[in-house]
Amino acid sequence: MKVRLFKPSVGEEEIQSIQKAFDAAWLGLGARVGEFEQKWSQYIGCADSVGVNSCTAALHLALSAFRFPKGKKVLVPVMTFAATAIAVLYNQLIPVFVDVDEHTLGISLEDLERKHDKDCVAVIPVHFAGHPVPMDQLMKWAKSRNLKVVEDTAHSAGGKYQGKALGTWGDLGCFSFEEKKCMTTGDGGMISSHDPELLKPLRHSRWVGINKDTWERYEENASNNQEANSWYYEISDIGYKYNMNDLMASIGLAQLEKLDRMNRRREAILQQYLTGLQQNTDVRSAVPYVLQDSSYWAFVVRVRDRDRFIVHMKEREVATGVHYMPLTMHPLFRPYVSETPTALSIWRELVTLPLFPDLTDEQVEYVLSVIHDYRA
Ligand SMILES: *Cc1c(COP(=O)(O)O)cnc(C)c1O
């Protein structure tokens with residue numbers, strides 16, 4: 001392949017940061033995770049954050065924070081990565097699939113109102129490709145319906161809507177640091193909130209339910225405390241092995257330093273794509289990219305004869321992807337099928353094109369020239 005679809009931007013800074021964890025010979029859950037959580041909270045502007053090993057884990061734990069009774073319903077967009085809806089199933093809740101907005105591909109506010117019923121307890125908006133769901137309107141609606149809001153911010157790290165960071169609008173925000181996302185820790189995730197009380201139990205559930213992690217016990221042991229019981233801990237609730245570790249956090253700390261730069265570079269690349277495609281009627285941008293304070297994860301276009309276009313790109317060594325097949329088309333989610341006509345028709349036209357900070361201007365020109373060669 002001449003041009004990859006996604007590529008993490010990693011180098012010397014990350015290596016040096018990992019070296020610090022090696023020097024301390026502490027690789028598991030420790031001080032580096034704490035430092036990353038603190039810097040992340042400061043960066044997005046929230047009270048506290050809990051580092052986990054994926055955004056899938058983050059979504060699972062975030063929903064569990066509310067202890068909803070089994071069998072209640074959670075509204076999720078039908079066109080998203082499976083983790084958004086699988087987190088609902090993990091919590092023994094029922095996903096209610098909501099159609100997407102034709103222009104933003106985010107959750108449709110009109111369809112939310114249609115799909116809502118008295119058994120709904122929460123909604124999980126996804127900022128599709130990094131494009132913000134109008135959170136002012138969504139939050140107002142959710143409050144009026146007494147719903148909790150968990151933001152799936154996996155597609156956006158560092159993006160803002162009306163000057164306020166995505167992932168800080170809802171009760172809880174979940175981020176992904178998987179290698180293809182806006183910034184990476186290899187695999188990894190974060191749960192952030194303005195409410196530390198909401199996060200407190202999640203700190204235990206990411207560590208098998210233990211109320212004191214190894215690092216805290218180590219610190220107690222190292223302190224002047226003469227008591228012998230620093231080994232003591234209790235488990236009151238079921239937990240999971242979902243913690244972030246100091247190796248991941250080391251990469252995260254270096255990536256966070258670069259995040260704004262990477263997001264600005266993504267904006268410049270998107271600008272180059274959008275300008276190049278202005279006259280092209282066969283290949284149109286699928287999302288209204290607003291290139292300010294943004295954190296776009298993917299460049300998604302609409303093409304009528306999608307599969308032929310994908311082959312055309314592949315023959316010229318440009319990687320493409322499809323995000324996403326509506327979830328109700330998967331056997332797992334078929335029992336929860338609902339009417340989502342917009343997603344079911346639009347997804348057949350969607351193609352994701354290469355976007356990552358290290359993509360060069362020449363590579364973007366090359367991708368554009370290959371696109372212009374395509375005749376629908
Ligand atoms: C990638 C992704 C996730 C899951 O992230 P992981 O860190 O890979 O678990 C969740 N939701 C959406 C919308 C995603 O794209």
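Remember, it's 1-based here, ligands and their atoms both numbered in the order they're listed.
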Going by the 4.0 angstrom heavy-atom rule, the piece of S54 near ligand 1 is both
Show the nearest heavy-atom pair for residues L259 and C182, with the distance to one decimal. CD1-O, 4.1 Å
Check T56 against ligand 1 and report side chain, backbone, both or neither, counting heavy atoms closer than 4.0 Å. both
Are the charged groups of E37 and R206 less than 4.0 angstrom apart, N to O? yes
For atom 3 (C) of ligand 1, the protein heavy atom that lies nearest, with its residue and separation: F81 CD2, 3.5 Å
Based purely on interatomic distance, does T80 place a nitrogen or oxygen under 3.5 Å from a nitrogen or oxygen of ligand 1? no
Taking the six-membered ring for Trp, are F177 and W40 ring centroids under 6.0 Å apart? yes
Within reach of ligand 1, part of C55 (heavy-atom separation under 4.0 Å): both
Has R266 got its NZ or CZ under 6.0 Å from the middle of the six-membered ring of W297, at an angle within 45 degrees of the ring axis? no
How far is atom 11 (N) of ligand 1 from the closest protein heavy atom, and which atom is that? D152 OD2, 2.8 Å
Could you check whether R145 pairs with E113 (Lys NZ or Arg NE/NH1/NH2 to Asp/Glu carboxylate O, under 4.0 Å)? yes
Within a distance under 4.0 Å of any heavy atom of A83, pick out the atoms of ligand 1 and give their elements. 4 (C), 10 (C)
For N91 and S64, which I'm curious about, is there any donor-acceptor pair between the side chains at under 3.5 Å? no
Any heavy-atom pair between the side chains of S369 and H372 that's under 4.5 Å? no
Ligand 1 atoms nearer than 4.0 angstrom to some heavy atom of V126 are 13 (C)
I'd like to know if F175 contacts ligand 1, where contact means a heavy-atom distance under 4.0 Å to any ligand atom. no
Per-pair distances, 0.1 Å, donor-acceptor, side chain in residues 131-140, under 3.5 Å, sequence neighbours excluded:
from, atom 1, to, atom 2, distance (Å)
H131, ND1, Y296, OH, 2.8
D136, OD1, Y161, OH, 3.0
D136, OD2, Q162, NE2, 3.2

By number and element, which atoms of ligand 1 are closer than 4.0 Å to a non-hydrogen atom of Y324? 15 (O)
Counting only heavy atoms, which portion of K180 has something under 4.0 Å from ligand 1: side chain, backbone, both, or neither? neither
Charged N to carboxylate O below 4.0 Å: is that the case for K39 and E257? no
re atom 15 (O) of ligand 1, the protein heavy-atom contact at minimum distance is H155 NE2, 2.7 Å
Residue-ligand contact K181/ligand 1, heavy atom below 4.0 Å: yes
Does G188 come within less than 4.0 angstrom of ligand 1, counting non-hydrogen atoms of the residue? yes
Could you tabulate the donor-acceptor pairs under 3.5 Å formed by side-chain atoms of residues 72-79, not counting sequence neighbours?
from, atom 1, to, atom 2, distance (Å)
K73, NZ, D117, OD2, 2.6

Using a 3.5 Å cut-off on N or O atoms only, is E178 in polar contact with ligand 1? no
